[in-house]
Amino acid sequence: MIRLYVASKKLVKEEKDICVRLVLPVEETEIWTALQKTEMTCLDDCEIFDVICDIAEANEFLTSLEHDRLDVFELNVFAGLLSALPPNELTVYCEHLKTKEPKSLEEAVYNI
């Protein structure tokens with residue numbers, strides 16, 4: 001499970017930030033609903049804060065990334081991957097996260 005807060009970059013700059021908490025993985029419609037609550041004008045307007053994962057290796061990997069370059073939908077895919085793995089495969093995957101040190105979320109999802 002991944003927890004994060006999202007807000008509109010535009011409103012954050014205007015100091016009128018409305019943050020919404022998301023717990024991933026969820027259905028894409030739930031992400032869109034949350035993003036609408038932040039009064040975002042488009043997906044590029046999305047600002048992500050405080051990404052936290054319950055899995056230590058995944059959390060360490062996520063904190064190494066620049067949050068302003070993360071895509072909430074790719075984060076959802078990553079959360080779905082983590083939650084779908086059986087315990088033994090999750091252990092192997094977490095070892096890969098630590099040793100291969102992917103440079104992006106896409107690399108962690110599709111290339112490990």
Side-chain angles (χ1 to χ4, degrees):
M1 169 176 23
I2 295 175
R3 295 179 304 281
L4 61 122
Y5 290 89
V6 292
S8 161
K9 287 181 188 176
K10 179 183 171 190
L11 292 181
V12 168
K13 287 179 186 171
E14 295 173 4
E15 297 182 4
K16 301 176 187 174
D17 50 323
I18 302 168
C19 285
V20 174
R21 182 175 186 252
L22 276 172
V23 178
L24 305 176
V26 295
E27 296 292 322
E28 282 193 23
T29 53
E30 291 180 54
I31 294 174
W32 283 114
T33 301
L35 297 181
Q36 288 172 347
K37 289 178 183 176
T38 68
E39 299 181 17
M40 282 180 33
T41 55
C42 65
L43 193 54
D44 290 338
D45 188 30
C46 182
E47 186 157 335
I48 297 173
F49 304 98
D50 297 331
V51 179
I52 301 168
C53 183
D54 292 341
I55 300 164
E57 296 85 354
N59 190 61
E60 187 176 325
F61 162 66
L62 289 171
T63 56
S64 74
L65 301 175
E66 294 181 38
H67 292 165
D68 62 339
R69 295 187 183 185
L70 293 179
D71 179 309
V72 68
F73 293 100
E74 285 295 331
L75 274 170
N76 196 41
V77 171
F78 185 62
L81 168 72
L82 294 174
S83 65
L85 289 172
N88 59 333
E89 290 181 27
L90 181 60
T91 301
V92 170
Y93 180 78
C94 287
E95 284 300 315
H96 283 291
L97 277 180
K98 287 186 344 189
T99 58
K100 292 195 177 188
E101 298 179 359
K103 302 295 181 230
S104 70
L105 196 53
E106 292 80 6
E107 187 178 328
V109 173
Y110 303 110
N111 297 329
I112 283 190

Could you give the side-chain donor-acceptor pairs of residues 27-37 under 3.5 Å, partners two or more places apart or in another chain?
residue, atom, partner, partner atom, Å
Thr33, OG1, Thr29, O, 2.9

- Which pair of heavy atoms, one from Glu39 and one from Ile18, lies closest together, and at what distance? OE2-CD1, 3.4 Å
- Query: Which value, rounded to the nearest 0.5 Å, describes the distance between Ser83 atom OG and Ile2 atom CD1?
  - Reply: 9.0 Å
- Where is the tightest heavy-atom contact between Tyr93 and Ala108, given as atom of each residue plus distance? OH-O, 2.6 Å
- Note on the structure: Nearest heavy-atom approach of Ala58 to Leu82 is CB-CD1, 3.8 Å
- To the nearest 0.5 Å, what is the distance between CG (Leu11) and NZ (Lys16)? 7.0 Å
- Query: Do Leu97 and Met1 share a hydrophobic cluster, counting only Ile, Leu, Val, Met, Phe, Trp and Tyr and linking them when any side-chain heavy atoms are less than 4.5 Å apart?
  - Reply: no
- Query: Has Tyr5 got more than 12 heavy atoms of other residues, nucleotides or ligands less than 6.0 Å from its OH?
  - Reply: no
- Message: Hydrophobic cluster membership, with links at side-chain heavy-atom distances under 4.5 Å among I/L/V/M/F/W/Y: are Val12 and Leu43 in one?
- Response: no
- Message: As an exercise, state the distance from OG1 of Thr63 to CG of Asp50, rounded to the nearest 0.5 Å.
- Response: 11.5 Å
- Spell out, yes or no, whether Leu70 and Phe73 are grouped together once hydrophobic residues are joined by side-chain heavy atoms under 4.5 Å, including indirect joins. yes
- Message: Tell me if a side-chain donor or acceptor on Glu89 pairs with a main-chain N or O of Leu85 at a distance below 3.5 Å.
- Response: no
- Report yes if some heavy atom in the side chain of Val72 is under 4.5 Å from a heavy atom in the side chain of Leu4; otherwise report no. yes
- Message: How long is the straight-line distance from CG of Leu90 back to CG of Leu81, given to the nearest 0.5 Å?
- Response: 8.5 Å
- Got more than 12 heavy atoms from elsewhere within 6.0 Å of CD, Glu60? no
- Report yes or no: do Leu75 and Val23 belong to one cluster of Ile/Leu/Val/Met/Phe/Trp/Tyr joined by side chain heavy-atom distances under 4.5 Å? no
- Can you see which heavy atom on Asn59 is nearest to which on Val51, and at what distance? OD1-O, 4.0 Å
- Residues Ile55 and Cys94: closest non-hydrogen pair is CG2-SG, 3.5 Å
- Note on the structure: Note: Ala7 and Phe49 closest approach over all heavy atoms is CB-CE1, 3.5 Å
- How long is the span from the CG atom in Leu105 to the OH atom in Tyr110, to the nearest 0.5 Å? 8.0 Å
- Task: Output the distance between atom NZ (Lys13) and atom CD (Glu47), rounded to the nearest 0.5 Å.
- Result: 8.0 Å
- Go through the steps to decide whether Asp54 and Arg3 satisfy the test side chain to side chain contact (heavy atoms under 4.5 Å, CB included), and finish with yes or no. CA-CA 9 Å; Asp54 292 341; Arg3 295 179 304 281; 2.6 Å; yes
- Query: Is the backbone of Lys9 close enough, under 3.5 Å, to the side chain of Asp45 for a donor and an acceptor to pair up by distance?
  - Reply: yes
